[in-house]
Amino acid sequence: MKKLAVITSGGDSPGMNAALFGVVKEAARHEIQVFGCVNGYIGIIKEEFMLLTESELFKVIDIGGTILGTQRFPGFADKDIQTKAVDILRKHEIDGLVVIGGDGSYQGAKALSQLGFPVAAIPGTIDNDIALTDITLGFHTAVENAVDAIDKIKTSAASHKHIFGIEVMGREASDIAIWAGLATAADGIIGTSEDWNLEKVLEGMRSSAGKSQIYILAEGAISAEKFKAEIESHSEFKIHPLVLGHIQRGGKPSVTDRIMGIKFGEKSVETLLAGKSGICLAVHANAIVELELGKVLSSTNKEPFLPY
Ligand code: ADP
Ligand code: F6P
């Protein structure tokens, strides 16, 4: 094995740069060159490759986002485009690909491996919505960011006795909402659309009437705007709606995400060196393990990190 390629794909997540460093570090130990494809799968198709070196990458482990860039490219679901990607990778004498991204990126990774190209995938998403792993890269930092912002909002809310409905990210997953809500002792957490019960929320609001209140809303459950509209049209309460947005994905990766990123990156190279393909990495009880992409993608077993 002489040359590997790596992409960061889907939403950026803190720790992706640390994972790139881990890939390059382990590859260098085996005298393998690593090329980063710019902006995810589209970078392969556009043949936008950049040589990554350990001496450059070690400078970015403390920086959020991804230095390779990432762009949504729905066209990659097309088998002809996937075949073209394999042809391009082979033309550039690339021996294997590391994909860092969420479950959409995993679909692309699985397709490439089914076309016979060696692929290893790293769970890089703030949403913590990949099955069969305790945690995904970036989740820890995103929750810290969310909690930091909510703590600040709470001091203002307390001064004015305001009621806030704060929408956090996570797509259909509720982990960010649950963790951020528990860590800030929120008055309510709406993690899924089944959790949404207007009467119950109003009951809680009435019992704390006159005090500031914070409700954490998973974006896949109910939006801050809808929460405001529902509460205000059925009660006397006034709601301050707030969408935390991309502040959750930004800033410096936590120590956990840096270390996890480096370890994931190193392990992905070991996996490819061992001749395996169609593998994704996961965390099970503090150990990094290899799983089959197909098994993870077909699993519905995605319990929140901590039950609530
Ligand atoms: P994430 O990887 O964070 O879940 P997306 O769902 O946006 O984010 O997926 C990232 C990229 O993965 C997409 O822009 C697309 O290039 C690729 N992708 C998504 N779904 C598929 C699919 N079904 N088949 C092949 N590639 C896919
Ligand atoms: O998948 C990560 C994520 O931040 C989700 O939590 C959110 O729904 C989505 O990406 C936002 O995507 P964009 O940055 O394209 O608006």
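Note that ligands are numbered from 1 as they come in the structure, with each ligand's atoms numbered from 1 the same way. Only this structure's heavy atoms are used, side chains among them; waters, hydrogens and symmetry mates stay out. As the structure is a prediction and not an experimental result, all values here were calculated from the model.
Checking only distances, Tyr41 never comes within under 3.5 Å of ligand 1, N or O to N or O. Between Ser105 and ligand 1, a contact under 3.5 Å exists for at least one N or O pair. Considering both main-chain and side-chain atoms, Asp103 comes within under 3.5 Å of ligand 1 through a nitrogen or oxygen pair. Polar contact with ligand 1: present for Gly102 (N/O pair, distance under 3.5 Å).
Under the 4.0 angstrom criterion for non-hydrogen atoms, Gly102 is not in contact with ligand 2. Remark: distances from the non-hydrogen atoms of Gln248 to ligand 2 are all 4.0 Å or more.
By the criterion of a heavy-atom distance under 4.0 Å, both the backbone and the side chain of Phe73 are placed next to ligand 1. Using a 4.0 Å cut-off between heavy atoms, Lys110 makes no contact with ligand 1 at all.
Salt bridge status for Glu26 with Arg29: present, with a side-chain N to carboxylate O gap under 4.0 Å.
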Distance-only donor-acceptor pairs under 3.5 Å for side chains of residues 274-298, two or more places apart:
{"residue": "Lys276", "atom": "NZ", "partner": "Glu290", "partner atom": "OE1", "Å": "2.7"}
{"residue": "Ser277", "atom": "OG", "partner": "Phe117", "partner atom": "O", "Å": "3.3"}
{"residue": "Ser277", "atom": "OG", "partner": "Val119", "partner atom": "N", "Å": "3.0"}
{"residue": "His284", "atom": "NE2", "partner": "Leu132", "partner atom": "O", "Å": "2.7"}
{"residue": "Glu290", "atom": "OE2", "partner": "Thr271", "partner atom": "OG1", "Å": "2.8"}
{"residue": "Ser298", "atom": "OG", "partner": "Gly294", "partner atom": "O", "Å": "2.9"}
{"residue": "Ser298", "atom": "OG", "partner": "Lys295", "partner atom": "O", "Å": "3.3"}

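Among Arg171, Gln71, Arg72, the residue whose heavy atom lies nearest to atom 12 (O) of ligand 2 is Arg72. Of the candidates Asp127, Asp12, Thr125, it is Asp127 that places a heavy atom closest to atom 6 (O) of ligand 2.
Remark: Lys152 engages Asp148 in a side chain to side chain donor-acceptor pair (under 3.5 Å) (not counting sequence neighbours).
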